[in-house]
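What follows is a set of notes on a single structure, which appears directly below.
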Amino acid sequence: MGRVYERPDALAYTRWLATHHYENFHVVSFLLPKHLHQDFYNVYAFCRWADDLGDEIGDREESLRLLKWWRGELHAMYSGQASHPVFVALAGTAEKYDLPIDPFDDLITAFEQDQVVGRYEDWAGVFGYCRNSANPVGRLILYLCGYRDAERQRLSDATCTALQLSNFWQDVSVDLLKDRVYMPLSVLSKHGYSLEDLLARRETPAYQAVMKELVEETRRLFVEGLPLIGMVDRRLALDLDLFSRGGMRVLDKIERMEYRTLLRRPAIGKVERAGLLLRSLLRLAAPKAA
């Protein structure tokens with residue numbers, strides 16, 4: 001029989017995981033209210049585990065088996081039978097904020113999809129993947145911050161999909177090493193660029209034309225989601241502004257590289273990040289000052 005985790009131990013575990021994982025980003029912004037920190041840690045720990053089960057095992061069949069187990073643990077939590085420390089911690093958050101199971105379920109579906117689908121025929125397929133892989137995260141954040149309406153969710157979906165796409169276009173060569181192509185094959189075909197060209201890392205004018213179209217569509221989604229910044233409290237608004245502007249900065253870098261992302265990876269340095277933060281602070285302070 002496995003160990004029974006008490007809630008304090010489980011909370012300590014998710015807090016440790018969220019602040020020490022080797023791929024960790026700043027899960028809890030210094031601007032988020034302190035009372036939300038632990039709940040963000042709990043949600044992050046779920047996502048981190050699911051992501052690692054999908055990407056760190058090295059065996060697709062085993063990943064699928066483990067992701068099925070993880071889904072079972074999730075459903076057990078919603079049935080009041082949480083046993084894994086992540087779910088012992090997450091159960092309190094789910095109850096406190098009345099979190100539906102769907103966003104968590106959808107995230108697992110995305111990680112399962114990565115094991116069996118490595119090509120997408122068109123934008124509908126790519127957007128369908130983002131609907132499971134990225135949009136649930138934004139919706140969970142909205143739930144934690146007290147927002148449940150359809151319009152904010154729609155705008156959040158646009159922002160999260162754009163963030164996911166900008167990451168794809170930033171990491172084309174990285175994903176190729178995993179035999180994953182998120183660029184819609186219909187867009188490749190439209191510009192006379194074949195999948196074989198991509199797999200051979202041929203950075204041709206046709207590739208640049210493909211990337212240009214991908215960047216333009218992604219920027220459109222970022223712009224579509226920007227109104228959400230003015231529809232949430234100022235602390236969350238700063239995070240949203242920072243993430244959105246950071247994603248658009250990646251797109252700007254790709255454009256300045258003339259869309260040559262196969263051999264170089266566009267990245268934002270520390271100084272640039274500080275500048276983005278400063279500009280976000282000024283942008284949000286200006287209306288108040290006026």
Side-chain angles (χ1 to χ4, degrees), residues 2-3 5 7-30 32 36-60 62-78 82-97 99-115 129-145 156 159-161 163-164 166-168 170-171 174-175 178 180 239 242-243 246-247:
R3 173 182 172 184
Y5 285 87
R7 183 166 169 76
D9 291 338
L11 295 175
Y13 173 70
T14 58
R15 182 168 58 252
W16 175 86
L17 184 63
T19 55
H20 289 80
H21 192 280
Y22 71 95
E23 278 192 358
N24 186 39
F25 53 89
H26 294 293
V27 184
V28 180
S29 163
F30 68 94
L32 285 173
L36 286 177
H37 285 195
Q38 184 65 59
D39 295 304
F40 271 80
Y41 293 147
N42 299 342
V43 170
Y44 172 82
F46 167 87
C47 298
R48 183 72 269 155
W49 260 80
D51 193 8
D52 285 352
L53 293 177
D55 268 358
E56 300 297 326
I57 304 302
D59 181 305
R60 292 184 178 184
E62 181 64 4
S63 284
L64 287 170
R65 186 188 71 80
L66 290 170
L67 287 166
K68 181 178 179 180
W69 161 74
W70 196 239
R71 191 190 300 277
E73 294 292 305
L74 170 67
H75 284 256
M77 183 195 81
Y78 272 90
S83 58
H84 189 283
V86 168
F87 291 107
V88 172
L90 184 60
T93 298
E95 181 178 3
K96 180 171 29 171
Y97 296 96
L99 301 181
I101 195 173
D102 294 350
F104 298 109
D105 235 352
D106 291 343
L107 284 166
I108 295 173
T109 295
F111 294 124
E112 290 174 332
Q113 190 169 334
D114 271 333
Q115 309 309 310
Y129 175 79
C130 293
R131 187 163 52 248
N132 290 326
S133 69
N135 299 0
V137 176
R139 292 188 175 215
L140 285 168
I141 291 172
L142 287 177
Y143 287 136
L144 291 179
C145 293
S156 172
T159 299
C160 290
T161 291
L163 285 167
Q164 177 78 89
S166 65
N167 181 254
F168 286 159
Q170 186 180 31
D171 284 337
V174 175
D175 289 328
K178 303 174 185 176
R180 294 175 187 167
D239 274 349
L242 195 55
F243 276 112

Side chain to side chain contact (heavy atoms under 4.5 Å, CB included) between R131 and D106, intermediate numbers included: CA-CA 8 Å; R131 187 163 52 248; D106 291 343; over 6 Å; no

Could you report the tightest heavy-atom contact between [X] and [Y], atom names first, then the distance?
X	Y	result
R7	A89	NH1-O, 3.3 Å
L142	S156	CD1-CB, 3.7 Å
S83	V88	O-CG2, 3.8 Å
Y41	A18	CD2-CB, 3.3 Å
P136	P103	CB-O, 3.4 Å

Listed partners of [X] passing side-chain hydrogen bond (donor to acceptor under 3.5 Å, both in side chains), at least two apart:
X	result
Q113	Y120
Y78	none
N135	T161
E112	R71

Sequence-distant partners of R180, side-chain contact (heavy atoms from CB on, under 4.5 Å), two or more places apart: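 By the side-chain contact (heavy atoms from CB on, under 4.5 Å) rule, R180 matches D55, D114, Q115, D175, K178, Y182.
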
Set of side-chain contact (heavy atoms from CB on, under 4.5 Å) partners for P85, sequence neighbours left out: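 Scan of P85 (side-chain contact (heavy atoms from CB on, under 4.5 Å), adjacent residues dropped) gives Y5, A10, Y13.
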
Quick check for you: to the nearest 0.5 Å, what is the distance between [X] atom [atom1] and [Y] atom [atom2]?
X	Y	atom1	atom2	result
L144	R139	CG	CZ	14.5 Å
L140	D102	CG	CG	10.0 Å
D39	L11	CG	CG	9.0 Å
T93	L99	OG1	CG	7.0 Å
I101	I108	CD1	CD1	8.0 Å
L74	F46	CG	CZ	5.0 Å

Donor-acceptor pair, side chain of D171 and main chain of V174, under 3.5 angstrom: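 Such a contact is absent between D171 side chain and V174 backbone.
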
E62/L66 under side chain to side chain contact (heavy atoms under 4.5 Å, CB included): CA gap, chis, key distance, verdict: CA-CA 6 Å; E62 181 64 4; L66 290 170; 3.9 Å; yes

Neighbour count >12 (heavy atoms, 6.0 Å) for atom CD, E95: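 No.
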
Close side-chain approach of L17 to W49, heavy-atom, < 4.5 Å: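 They are in contact (side-chain heavy atoms under 4.5 Å apart), so the answer is yes.
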
Sub-4.5 Å side-chain heavy-atom contact between Y143 and P100: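 Yes, their side chains come closer than 4.5 Å.
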
Ring geometry between W70 and F87 (parallel below 30°, tilted from 30 to 60°, perpendicular above 60°):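 Rings of F87 and W70: tilted, as their planes differ by 30° to 60°.
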
